[in-house]
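Pasting a structure below so you can have a look.
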Amino acid sequence: MRQNVKIDTLILIIILIFHFGANFVWLSIDENPFLPDEIFHIHDYHSFYSGIKDINVIKELPFISIKKIFLLFNISTQAWPRFVYFTSYLFTLFLGYSIFTLKISNMLYFAILIFSLYFIGRKCLDAKTGLLAAFMVSFYPGVCGISRVYGIDFPLAAMASLTTLFLLLSENFSRRKYSIFFGISLGIGFLVKGTILLFVSGIIGYIFFRILKDRDLQLRRQRLRNFYLSILTALVISSVWWFGNFKEIYCNLYVNIIGRTIGYPHTVYQRIFYYLTHIIEDISVIFLVIFIAGFFLAIKNKMRHIIEVSLWIIIPYVLLSMMAIKNGRYYAPSYPAFALITAYGISSIQSKRIRRFFTIFVVIMSMALFYKLSFNIGFFPRINIVEPYRWHLAKKIPPYWIDRYCHSPVDTNYKDITEKIVGMIQKKEMRSDKKILIGLETECVDFDTVRILHLIKYYIITEYESYILKIEQEERFYENECMELDYVIVVTDVGSREGVYQEKKYFSDEKHEKLIEVMKEIAYPIRKEIVLYKNIAK
């Protein structure tokens, strides 16, 4: 038995090393933020990183350092907890501070995900089921793709799996040790993202209902005590952030979820099938079909914990479909349950030859999809997305061959342009001790432009912070504040600049005369024109 566990552990480590190597290569080419929230997380991490650097546990009194640490975790940024930033900081201690390091820190959660799913699979059937489930989920396009995105949805998938594991190991809260572990993992999960409750609430409710039906009064009391203890543990841990930000979070939830649900523009049909389209893309049609077959086999063979695993899929789908704010990655923490049921269905096939055929088929198809989507290598129809961040331009390609997050890496020139911008400013400003005030502006609203602006801001504040006095964005410049700037950076579509500036309040004829063009560059691969202006009135 121990020998088998060692072999299984070795296989899981090999899977993890493979994905670490693949992500290392991929991110070495393309570390640029892909999603809007990803950029905001990167900027929020910088404030977290700066706050940690200001803490000196040696020179300061202990209670002062503790207070600073507590405030650092308690600060609200975009209504997001900050635990992921803390784990990213641990990686920066060894690998240095960069966007690459922040993204590669997801490998910690990758390990949590596949090991958790392996042990859940063992509990549902056997070790082979756990291994196959761990392998499959790691190669789902929506999982391996989002593992290269810096954010909280991929870590949430890992914590949802770990929390579910301890919940099942608690045996309906009859085992105190695992009940406490469940409380700890749930509490940490809340510090990753509060929506973890969507993915475990169905299982918790089902188990709680079974406890109340228990006829053994003494055993019921014991289980209830363990249940309350675990919930209390989770509340104490999560209160580090949630207690101080509850009012703001409540208002945010009401406005964005409950408030917007009233008069929600989408039809009932669109609500029901929104996440199904994302499942097709994030898992692929092939593996969705195998999952459906595996689900029927799991029911037929009375798979252990089939109700709990099914609730892991169904409850989040229903709740997320009801909410007004939608995004495909919000449902990603349920994908481990898809892999688990699929693996169970294959493992429960009676014929050894058929079972072996489907196992080999899953392994080959997983690897083939991975190489095609991640590096455009393989025998599938060629995917030629010139602008990979605009996946919707490739609608002519069947949706099961592309993914929103899993795409070939693109080596952009955003960092090079930032270096040229700062170099140009330093060249024109002869005094080396001069502090510069830079403003960012856009002529477009599309995300490609916003991403460039945020990246320029990130590179400047992280690498030239001692030189740049202040950097602001467009909403600050609509009145006379434009004249307080030394320089203005404008990003726009190529060829769309003429006759546009006059429409801006701060680019009236009078103010426009005080701005002169210093540098112009084109950003690849999306062909945006980046222009640096100097305010000659200062």
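Just so it is clear, the model here is predicted, and its values are computed rather than measured. Along the sequence shown, residues carry numbers from 1.
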Exercise: do His305 and Glu308 side chains pair donor with acceptor under 3.5 Å: yes
Side-chain donor-acceptor pair present, Thr92, Tyr45, cut-off under 3.5 Å: yes
Pairwise side-chain contact, Thr87 with Tyr109, heavy-atom cut-off 4.5 Å (strictly under): yes
Parallel, tilted or perpendicular: ring planes of Tyr178 versus Phe181, cut at 30 and 60 degrees: perpendicular
Phe296, CZ atom: more than 12 neighbouring heavy atoms under 6.0 Å: no
Plane angle bin for Phe361 and Phe358 - parallel if under 30°, tilted between 30 and 60°, otherwise perpendicular: perpendicular
Parallel, tilted or perpendicular: ring planes of His454 versus Phe40, cut at 30 and 60 degrees: perpendicular
Trace of the side chain to side chain contact (heavy atoms under 4.5 Å, CB included) decision for Asp37 with Trp80: CA-CA 10 Å; Asp37 287 356; Trp80 291 320; 3.7 Å; yes
Distance-only side-chain donor-acceptor flag, His41 / Tyr85, under 3.5 Å: yes
Glu171 and its salt bridge (charged side-chain N to carboxylate O under 4.0 Å, His left out) partner, picked from Arg210, Arg176, Lys123: Lys123
Ring geometry between Phe20 and Phe24 (parallel below 30°, tilted from 30 to 60°, perpendicular above 60°): tilted
Aromatic ring pairing Phe370/Phe18, orientation class (parallel under 30°, perpendicular over 60°, tilted between): tilted
Shortest non-hydrogen contact between Ser179 and Ser170, atoms and distance: OG-CB, 3.7 Å
NZ or CZ of Arg82 within 45° of Trp241 ring axis and under 6.0 Å: no
Side-chain touch Leu369/Phe287, heavy atoms, less than 4.5 angstrom: yes
Under the side chain to side chain contact (heavy atoms under 4.5 Å, CB included) test, residues paired with Ile360 that sit two or more places apart: Arg356, Ile364
Minimum heavy-atom distance Lys326-Tyr275, with the two atoms named: CA-OH, 3.5 Å
